[in-house]
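Each ligand, and each atom within it, is numbered from 1 in the order the structure gives. Everything numeric in this text was worked out from a predicted model, so none of it was measured.
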Amino acid sequence: MRYSFLAAGALSGVLAFACLGQAPVKKGNPSVKMQPYGKMPDGSEIDLYTLTNVAGMQAGIINYGGAVVTLAAPDKSGKFADVVLGMDTLAGYMQEPNYFGALIGRYGNRIGHATFKLEGKTYTLPKNNGENTLHGGNAGFDKRVWKAREMSTANGPAVELTYVSKDGEEGFPGTLTAKVVYTLTDANELKIEYTATTDKPTVLNLTNHSYFNLAGAGVGDNLQHQVMINANQFTPVDEGLIPTGELKAVKGTPFDFTKLTAIGARINQDDQQLKFGKGYDHNWVLNKRMGAMGKAAEVYEPKSGRVLEVFTTEPGLQFYTGNFLDGSVTGKGGIAYPMRAAFCMETQHYPDSPNQPKFPSTELKSGQTYHTVTTYKFSAR
Ligand code: BGC
């Protein structure tokens with residue numbers, strides 16, 4: 001085991017981790033602990049970085065896909081539980097099809113008909129979701145090995161991940177250098193900061209694909225979780241989950257989450273959009289100024305009292321209720337994840353923006369720096 005700064009903190013981190021699910025966790029100094037996680041088929045090493053903050057909260061991140069593999073958050077009595085779905089091994093992450101905890105790039109969500117035009121040129125992408133491209137193609141950023149560097153910041157322990165995506169990778173133009181910094185702040189926030197530059201005009205939409213269950217990963221379904229989404233509109237989709245281009249008012253529809261409402265309250269209503277998604281799998285148009293940090297959503301789980309608040313600089317939020325989970329993937333601790341075992345809150349630009357002139361642009365030019373921030377804040381009440 002290789003320890004980084006603040007060995008005492010790292011030790012308390014080990015204690016906290018060993019006690020997951022038992023109350024309460026020992027508090028201590030913030031730390032980053034790095035340990036080997038597995039080897040890629042070509043022999044390259046994958047490491048696990050465990051960030052521990054002053055409150056004893058922990059986030060485990062691997063440099064394969066930049067995935068958040070564990071996230072231990074306290075309930076109303078201070079008892080910690082791992083609140084994200086995931087796998088126990090690197091091989092598990094390499095095989096599972098759900099993008100558990102992973103960084104998504106180059107383009108989060110779908111690009112219709114696996115093609116787009118940019119500056120007069122047509123680009124063709126892999127079709128990995130029917131006729132469309134989902135989450136960056138066959139080998140998106142979730143399947144790449146990132147270079148990792150531990151960091152100690154004033155706000156808490158952090159790890160910086162870097163990936164250079166070659167010109168033409170998965171059909172996208174430009175050599176793109178992407179950096180993602182995960183910080184576990186002392187205010188119990190997992191802060192994710194994304195930056196990127198390119199040497200040619202390209203399109204970019206980075207996000208994180210964590211599946212949350214605030215009762216604990218593998219503990220029942222998401223239907224009792226109460227959700228608020230700070231959005232008066234959403235982007236309806238066609239059968240292939242490609243936006244029609246319309247921004248539709250949520251008022252009077254099962255997509256109105258302007259007040260805390262249980263996921264299960266309306267998910268089975270007879271509604272064409274819910275049928276297309278097999279539940280919620282849509283992009284909400286956030287009520288906020290473009291590029292400004294603002295509250296996107298809040299989720300409350302009544303039994304544990306855990307609360308997740310999502311803040312972002314992004315204009316959209318893909319709220320996905322795990323409709324395509326089907327029990328066929330056995331996750332951490334040998335627990336199978338059935339349909340609706342968790343939910344995702346993917347902060348992003350809207351799906352298919354490269355083909356939708358009315359949506360905020362996802363173009364990144366050379367000389368520009370892409371910069372977005374998303375914070376997942378945990379508390380309990
Ligand atoms: C998409 C879903 C997809 C899921 C996992 C979500 O972001 O919107 O349609 O099934 O990711 O792949």
- request: For ligand 1, note which part of N323 has a heavy atom under 4.0 Å away: side chain, backbone, both or neither.
  value: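 No part of N323 comes within reach of ligand 1.
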
field: Nearest neighbour in protein (non-hydrogen) for atom 10 (O) of ligand 1
entry: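 Residue, atom and distance for the closest contact: F324 CD1, 3.1 Å.
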
Relative to the heavy atoms of [X], which atoms of ligand 1 are at a distance of less than 4.0 Å?
X: E346; value: 6 (C), 7 (O)
X: Y211; value: 5 (C)
X: D281; value: 1 (C), 2 (C), 8 (O), 9 (O)

message: Out of H282, H209, Q348, Q318, who is nearest to atom 6 (C) of ligand 1 when you count heavy atoms only?
response: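 The option holding the nearest heavy atom is H209.
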
Shared hydrophobic cluster for V307 and I263 (ILVMFWY, side-chain gaps under 4.5 Å): no

- prompt: Within less than 4.0 angstrom of ligand 1, does F319 place any heavy atom?
  reply: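 No; F319 lies far enough from ligand 1 that no heavy-atom distance drops under 4.0 Å.
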
- request: If the plane angle is over 60° it's perpendicular, under 30° parallel, otherwise tilted; pick one for H209 and Y320.
  value: perpendicular

message: Quick check: N98 and ligand 1, any N/O pair under 3.5 Å apart?
response: no

- prompt: Looking only at distance, does R110 have an N or O less than 3.5 Å from an N or O of ligand 1?
  reply: yes

query: Is any NZ, NE, NH1 or NH2 atom of the basic residue among E309 and K295 found under 4.0 Å from an Asp or Glu carboxylate oxygen of the other?
result: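 Looking at E309 and K295, the cut-off is met.
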
message: Between Y93 and Y64, does the ring-ring contact (aromatic ring centres under 6.0 Å, His included) criterion hold? Intermediate values first, please.
response: CA-CA 8 Å; Y93 279 101; Y64 175 76; 7.4 Å; no

task: For a ring-ring contact (aromatic ring centres under 6.0 Å, His included) with Y280, tell me which candidate from F343, F255, F324 qualifies.
output: F255

message: Once rounded to the nearest 0.5 Å, what's the spacing between atom CG of D167 and atom OG1 of T175?
response: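 That separation rounds to 4.5 Å.
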
task: Would you mind telling me which of L364, T362, T198 makes a side-chain contact (heavy atoms from CB on, under 4.5 Å) with L204?
output: L364

